[in-house]
Amino acid sequence: MGLFHREKRDCESCGQTFASYDEMVNHAREAHKQHIVKCSECGKLFLHEKDRLHHVREENERKTDVRRHKFSKK
Ligand SMILES: [Zn+2]
Ligand SMILES: [Zn+2]
């Protein structure tokens, strides 16, 4: 999952690159005591609130799937 998802995988504090976003978050939490936010839906961890919000939005989009309401304005 998330193979085509371009996530940031390098640590903001020391620049180290990780195999996955989750590994990077775990590193930031343990090595730098960075504040982590958690998705209440699936438990995924994020470095920033904006990252979590972006993820939640994607999750919701996936839920509503193809039922996307598009209003064309003229
Ligand atoms: Zn680091
Ligand atoms: Zn989630």
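Numbers here simply count residues along the sequence, with the first being 1. First listed ligand is number 1; within each ligand, the first listed atom is number 1. Quick note: numbers below take in every heavy atom, side chains included, and nothing from hydrogens, waters or symmetry partners.
- Here Glu59 meets the criterion, with an N, O or S atom under 2.8 Å of the Zn ion (ligand 2).
- Of the angles at the Zn ion (ligand 1), the one spanning SG of Cys14 and NE2 of His27 is 110° when given to 10°.
- Checked against a 6.0 Å centroid threshold, the rings of His35 and His48 do not count as neighbours.
- A salt bridge is absent between Lys63 and Glu58: the closest approach of a Lys/Arg side-chain nitrogen to an acidic carboxylate oxygen does not fall below 4.0 angstrom.
- The side-chain heavy atoms of His54 and Asp51, taken from C-beta on, include no pair separated by under 4.5 Å.
- The aromatic rings of His55 and Phe46 sit tilted relative to each other, their planes meeting at an angle between 30° and 60°.
- The angle Cys42:SG - the Zn ion (ligand 2) - Cys39:SG amounts to 110°, with values rounded to 10 degrees.
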